[in-house]
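Note that the coordinates shown come from a computational prediction; the quantities given were computed from them, not determined experimentally. Only this structure's heavy atoms are used, side chains among them; waters, hydrogens and symmetry mates stay out.
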Amino acid sequence: MNLPTRTWIPGPERIGADSRAHRAGWWSGFLWSLIYPTTNQRVMPTVSGWVLIGLAFGIGSAAYNAANNILFIALALLLSCLILSGVMSWVNLRGVSWLILVSRPLRAGQEAPVTLELRNCKSLVPAYGLWFDLLTRPVATGPRRPEATIRATSGQIRAAFTQLEKLTVRTTLLQRERLNPRGETRLDWTFVPARRGMVRVELTSVGSLFPFGFLRKSHGIALRRDVPVWPAPVEYRFVEVAATPHPAEGVRLAKAGSGNDLLALRRYQTGDSHRLIHWKASARLRRLMVRQFAAESTPGYFLRIDATPGIWPREEQFELMCGFSATLAEDLFTDGRIVGAVIDSGSVIEIHRAGDLETFLDRLAVLEWRPFQREPALAAKADLGAGGADSAGINRAAPARRNIITFAPEGIRGVAAYVDGKITATA
Amino acid sequence: MLMEKSRPQLSADELQQLRWLLGGLLILIAVSTVAYMDVDAWLLAIVATAAVVAVVLRPGLPARVPPLAHRLAFPFIAVFAAWDYYTSAELLPAMIHLDFLLLVYRAVSYRKKRDDLQIIVLGLFLVIVAGVLTESLTFALHILVFTAGTLAFLFVITLTESGMTAGVAAGSGMEPGKSSGRAAPPAWTAVHWRHLFRRLREIADWRLIALGGALFVGVVAVSAFLFLVIPRFQVNSGFFLDRLMTKRSRAGFSDSIRLGDVVDIQQDNSIALRVDVSDPSHIPSMPYWRMVVLDEYRDGEFRTSRRLKDELARSTRTTAYLRGLPTASGWPVAWTFYLEAGVSRYLPIEGPYQRVQFREAQQVQENARLRVVSLRNDPVTMTAYRVEGLAGEGYVPDRFFAEALRRAQRIPPAPVGNAGRPGDSGQPRNGYPLTTLELPGRPADVAALQRMAGQIAAGGVQSAAEFSERARLWLTGRHAYSLQVELPGGDRDRVVAWMESGRSGYCELFATAFTLLARAAGYPTRVVTGFKGGDWNAYEDYFMVRNSDAHAWCEIFDGRAGWIRVDPTDGSASGNSGAQAAAGQSGTVVRRSDRTWSARLDAVRILWYRRIVSFDQRTQFAVIAGLKDTTANLGAAMRELMGSTLRSLRSWGNGPRAGWRILSWFSGATATVWGAVLLWRRGSSLWWRRAGGSRRGKMDPVRREAGRWLRKFGECGASPVEDSAVLSELQRLRYGSRSTWAAPTAVFRRARRAMRKHARIR
């Protein structure tokens, strides 16, 4: 699993204060931030806040009308409570940092866990009552022309926003418990990506009503993480198994496996068999070392994904093809029978490790369906021999391979997989 | 990363229980304002207290209230408020009763956030109204406690609300009246208070409590600062709450007193008046605080005549200043009076004045002839006023009285048959100034008075002062002073009958008797009520005048241009200012000094009145000017100090062998500082060990330091072979038993060297 780098994001005050401090010195920036809110900071009174403001106005008016010092005392106390509220709210958010972790892989239609890790760097004061507004929305990949809205009507703009809003999933995570000084906590959330593609998980704002609920303070954060969503797994069935014997069958591969050849020595990990311990190396290095054997080669397959406009007249079939190819690639990788893949005219991806598979699936995730605007081309049912042009007339300049799996539409809704031109499986 | 040992946290139910408890406490604090608000709401307060205590101890009780009761609650409260206002005709007491009822209702219902906010607003209303009405020192304590409670309450509300998911009430409250039957109480109502308090003790961190306390002190300090700097403007619109409530003053200080009214006041030992003087040497030996002048006599009762009352009523105006006639004493001495509410609308003033100033515009009435000032209505709060140019010595100038009396005596009297009663036109038979010679209606009483006056005068002609002294001696020789007096009955005038008896009497009897005797002798005389004397509070140097100092005395016209004060009551020898003046004595400052605990407490109250209640624009400017002067003086002092220090340093530096001396001083200072640092480092470690710090679960500083070094070695990739000795020593310090430690300082020194070597290699 590809874990993100754990770079803690400091709280908003630090961001805001730092950005100004660099321009004009720390003290002037700090004082300015007390008067003029930092960027993206919003402060709105709540009901109790409005009540307090109304009370202050009322008592102040009565105090000046009657010149009564008792009322001035009450007014002074109300104002100082407001000041205290602001100070405590500022202290509460200060020193809190957060990190968004999105557990990969994400798959369309499956729950995707998102974790928000909070850390309180303060040494004395805990943090209370924070909330975090998260949203996820699909993002377009690749270059896009900027939209021109000069001629757009308000209805069109509203429709565009409504459409965008439909695809957006929002939630608010509440920090219910106290976050102790120098403590950490995690807030978990799951969402279900509707479709494959690139999804953006964004922390839009952090807010709090702390301490007295007078003011609803929220800071716009715009902390984003774009994560690819792999296609959903697809059920398929084999029509026939066809494979050309690979000349390199039985050859040792440079990856760990259950073969007989010693590949390397590595440190002992919990769960390793004691019979694998290499005692001599362990004595020499003064730590437990185990033997690691190489895998033996098995017949491998090469996947070719062709997203040429026209091959896939229907988007649903294209999506099915993406899911089918992803599922097939994972199954083949599990069996150790995949050697590589290529998407359109992109570079060939040699798949030997899990990371290579993830790279392929990541590229598959962002593959776009493009409708063809001229006559649809013929489906790629021809045999893709070494160096030959495919049915679209494009010389892929593919290396000389066998066991090449390609995909083509089958019927109105189905997708078939071909191994060297022979149909092998359908979905 | 070091993480604090995790403290337990309150669960959602425990937070709800704490919220319920704090809400109840806030209601109790608000209800307790009835103790000093002088509003007839004791029954409601008792009911509210009982209800709050019951539901706080048993939170499941509100669930037993039938939904019908909730539906009928607001109509009942509305009807009660309307009936209360209709019967009492006073808006403010009705509002206070309504507030109580609403608080009771909120106390016995399960509450949501808005209901909790209502409690805060209703409670704040009670506390502020109580403070505004009474201006009492208790208000200061009340508002502080209420503020602290409110902040804690709001804090817990915020925690509970933030812990709830949207749309789930988590059992915070039920919707009363919306279910057909009684719903089950929320889960959190199953509370065990001891368990909750134990949990609170567990989660309490002394550092956070100290921080919270410091924050609250900060709130108070900031509010004090804001109170000082909030600009004050003179709007001159007057106080407004007095229109919403009426208060009756004591009968003895009204414009009509019956025998015994002043005595009733004397039973009360509470403080009625406090007097600040800018120059205590100007305080007379026995001050008489004049309030009401009573000239008309009817059937044993003295009252202010109709003409004087009309004059007073016609003089009504809204102002913050009153100008009297110029007096001999001029301006310098300022007297500040703090008259408690419920005493009288007549303001006690020692004598003629030049100026009277109030805190804000008041509806005042003034009779310049009589030197009487009164408020239009009985004040509901403490009244503060400042008098300047006060001339005491018991003499009230009145240049026009003689002429007015002569003119009045030339006017024929009203027809017979209207003796003692107003004529058909509604005008009194004898208006002022003739009322100052008025005698009882019965001829027999008049004859008796004339006979007694003749005895006093002994056939001679005396001045008013001489006659008053004779009459005083005559009265005190025949009657002793006593508050327990039974007046003789019968058809005769009671005072005349008393004079002919040998019974003891109180001040009203003495004053009335003297007045009648002097009038019978032909001297215009009137009765004055007010306060006499007082106790000197030595803690804050001011006069405390109690209700028990209420007194009645007389003023006799001297025949020329003024009235002489005469106090005929037995034991009041020093009250006869005329005799004193005749004897050429000047009043020495002999005051009864009060150093009791009640005086000490009252000193705090006068500070409250002086510094807070009477704080106005002038005081604000004075504070700012004082701050400015203090800052300027401080700055000058600092400059002087620095200058003298520099001069002495310069002379020291220019002296012989200056170089050696500077070097030795510098070395000595460096050695001292270094020694102190070493001592501190060693001493703190030793103290930690001896104080058993490890028993409290905190990290030993040596172990902590060793851990830090181990982490550093780990981060910089130290070689386990080369640095094994240092690492093993550090591990022993970090994990090993204290008895196996090497000297930590030496170990850390070696670790430092090893780290430097790594740094050089890298």
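Contact annotation for A/Leu130: neither backbone nor side-chain heavy atoms come within less than 4.5 Å of a heavy atom of chain B. Proximity to chain A is absent for every atom of B/Val156, based on heavy atoms less than 4.5 angstrom apart. Contacts between A/Leu55 and chain B at a heavy-atom distance below 4.5 Å involve the side chain alone, from C-beta outward. Residue A/Leu52: no heavy atom, backbone or side chain, is found under 4.5 Å from chain B. Contacts between B/Ile612 and chain A at a heavy-atom distance below 4.5 Å involve backbone atoms as well as side-chain atoms.
Taking the centre of each ring, B/Phe615 and A/Phe72 stay at or above the 6.0 Å mark.
Across B/Leu211 and A/Val125, no two heavy atoms sit closer than the pair CD2-CG2, 3.7 Å. The two residues B/Ser223 and A/Leu77 make their nearest non-hydrogen contact at OG-CD2, 3.7 Å.
Of all the listed residues (B/Leu151, B/Leu215, B/Leu226, B/Val222), the one sharing the greatest number of non-hydrogen pairs under 4.5 Å with chain A is B/Leu151. Counting heavy-atom pairs under 4.5 Å between each of B/Ala152, B/Ser614, B/Pro231 and chain A puts B/Pro231 at the top.
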Could you give the side-chain donor-acceptor pairs of residues 207-215 of chain A under 3.5 Å, partners two or more places apart or in another chain?
residue  : atom : partner  : partner atom : Å
A/Ser208 : OG   : A/Gly129 : O            : 3.2
A/Ser208 : OG   : A/Phe210 : N            : 2.9

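Contact of the A/Leu84 side chain with the B/Phe216 side chain is not registered, since no non-hydrogen atoms from C-beta on lie closer than 4.5 Å.
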